[in-house]
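Read the structure below first, then the notes.
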Amino acid sequence: RDETMQALHRALCGAQETAARCMNIGLRALWRADADVLESLRTELGRWPTGKEWPFPQLNIYALMRAAAPDLSSGLVATLSKKVSDKWRQTRWPALIQCSVSPPHWKRTMPLPIRAQSYQLRRSIAGWWVTFSLTPGRHDGGHEFAVRLELNDDRQQETLEHIFSGAWRGGELILTPHPRRPRQWFARIAYKRQIAAMEAGKTAAINRGLRAFLVGVTSDGAVWRYDGTDIESYLAMLAKRRWEYQHDSKASGRWGHGRTRTLRPLEA
């Protein structure tokens, strides 16, 4: 059993490093393609293009990432390539146009996402098990690893029961290393379930705006508004006192009373 767990740990760590490398390769390809298109559009239009004028690069990053990670299963690479494309769609505008963020970069300690079709949830007398593969050839010899899940409470037990029975639809399995305990991993299973419709009655929607701190509207048309001026005045008072204490101002009212009274907690 110890040898199996050591082999699993080595396989997971190796898959992490390979996944991070191929994801960074795929994102750099999207970055270069977008930068080239952006430069040509800027020359043509004489300005930065808008979002509609700037098409998303049509690159087959799956093939590029597959070539960079031949030791990973095709399902895992497909999941990673989709995550790269989705992440770049979210950050390419602030990264290339606004220059307010850096392009994404994945580390070798990243979580490993395994799609629902690539793992199986099983139940035995000993407890719950999850089987999955990290390398190609899953359809030839079955799943590569079988890992027993250690549950923390009855709620997790109930959740797995619903997923196993089909009442809830199981989704992606995410394997994350423990930040402080080597050779220990967390397994998170996403799921979807039906929620009973809300009974008809009075409902309200609350929005945080710019002019008003909070604005609420009920289903019968009543409006409730909270401007938050008392919060702003209280924060301004704290900021003023903090400045006075840091600069040892006589206006603080605590001049000459020593460090103990000066650092005494403030009262509203």
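Small disclaimer: the values here were computed from a predicted structure and weren't measured. Residue numbers count from 1 along this sequence.
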Between I174 and L134, is there shared hydrophobic-cluster membership here, with clusters defined by ILVMFWY side-chain heavy atoms closer than 4.5 Å? no
Using modelled atom types and a 3.5 Å cut-off, is there a donor and acceptor pairing between side-chain atoms of Q98 and backbone atoms of L96? no
Under a 4.5 Å side-chain heavy-atom rule over Ile, Leu, Val, Met, Phe, Trp and Tyr, are L160 and F186 clustered together? no
Joint cluster assignment, L151 & I189, ILVMFWY side-chain distance < 4.5 Å: yes
Rounded to the nearest 0.5 Å, what's the gap from OG1 on T109 to CD on E17? Could you check? 11.0 Å
If you compare all heavy atoms of L149 against all heavy atoms of L121, which two are closest, and at what distance to 0.1 Å? CD1-CD1, 4.1 Å
Group every Ile, Leu, Val, Met, Phe, Trp and Tyr by side-chain heavy-atom contacts under 4.5 Å, then state whether V223 and L214 land in the same group. no
Which is it for R47 and E53 under the side-chain contact (heavy atoms from CB on, under 4.5 Å) test, yes or no, and what are the steps along the way? CA-CA 11 Å; R47 56 175 174 81; E53 298 171 336; 3.1 Å; yes
Distance-minimising heavy-atom pair for A33 and P57: CB-CB, 3.9 Å
Looking only at heavy atoms, the pair that brings L64 and A29 closest together is CD2-CB, 3.5 Å
Take I231 and Y226 through the test side-chain contact (heavy atoms from CB on, under 4.5 Å) and record every step on the way to the result. CA-CA 11 Å; I231 298 178; Y226 174 64; 3.5 Å; yes
Euclidean distance, Q157 CD relative to D154 CG, rounded to 0.5 Å: 7.5 Å
Count I, L, V, M, F, W, Y as connected when their side-chain heavy atoms are under 4.5 Å apart, and connections chain through other members. Are L59 and F56 then in the same cluster? yes
Within-4.5 Å side-chain heavy-atom neighbours: D34 and W88: yes
Could you tell me how the ring of W128 sits relative to the ring of F164: parallel (under 30°), tilted (30 to 60°) or perpendicular (over 60°)? perpendicular
Distance, nearest 0.5 Å, that separates CG of L76 from CG of D71: 11.5 Å
So do L8 and W185 actually touch side chain to side chain, heavy atoms under 4.5 Å? no
The residue among N60, L80, T18, L27 that forms side chain to side chain contact (heavy atoms under 4.5 Å, CB included) with M65 is L80
Angle class for the H162/W168 ring planes (parallel below 30°, perpendicular above 60°, tilted otherwise)? parallel
Intermediate values then yes/no, side-chain contact (heavy atoms from CB on, under 4.5 Å), I25 and I61: CA-CA 9 Å; I25 290 175; I61 62 171; over 6 Å; no
Looking at every heavy atom in both L30 and S85, which two are closest together, and how far apart are they? CD1-CA, 4.3 Å
Kindly check if the number of other-residue, nucleotide or ligand heavy atoms within 6.0 Å of CG (D153) is above 12? yes
Heavy-atom donor-acceptor pair, Q156 side chain to N152 backbone, under 3.5 Å: yes
Main-chain N/O of A222 paired to T218 side chain as donor or acceptor, under 3.5 Å: yes
Answer yes or no: does atom CZ of R155 have more than 12 heavy-atom neighbours from other residues, nucleotides or ligands under 6.0 Å? no
Hey, are the side chains of M23 and M110 touching, using non-hydrogen atoms and a 4.5 Å cut-off? yes
Counting only heavy atoms from other residues, nucleotides and ligands, does the tally under 6.0 Å from CH2 of W31 exceed 12? no
List the atom of Q16, the atom of R108, and the distance in Å for their closest heavy-atom pair. CB-O, 3.0 Å
On the six-membered ring of W129, is R122 placed so that its NZ or CZ lies under 6.0 angstrom from the centre and within 45° of the ring axis? no
Is the Lys NZ or Arg CZ of R42 less than 6.0 Å from the centre of W48's six-membered ring, within 45° of the axis? yes
Within this structure, what is the OG-CD1 distance for the pair S73 and I114, rounded to the nearest 0.5 Å? 7.5 Å
Looking at side-chain heavy atoms only, is the closest gap between L38 and P49 below 4.5 Å? yes
So, for K87 and P104, which heavy atoms are closest and what is the spacing to 0.1 Å? CG-CG, 3.7 Å
Donor-acceptor contact below 3.5 Å, side chain R66 vs main chain A78: no
Do the side chain of S40 and the main chain of V37 share a donor and acceptor less than 3.5 angstrom apart? yes
Distance check, rounded to the nearest 0.5 Å: R225 atom CZ versus N207 atom CG? 12.0 Å
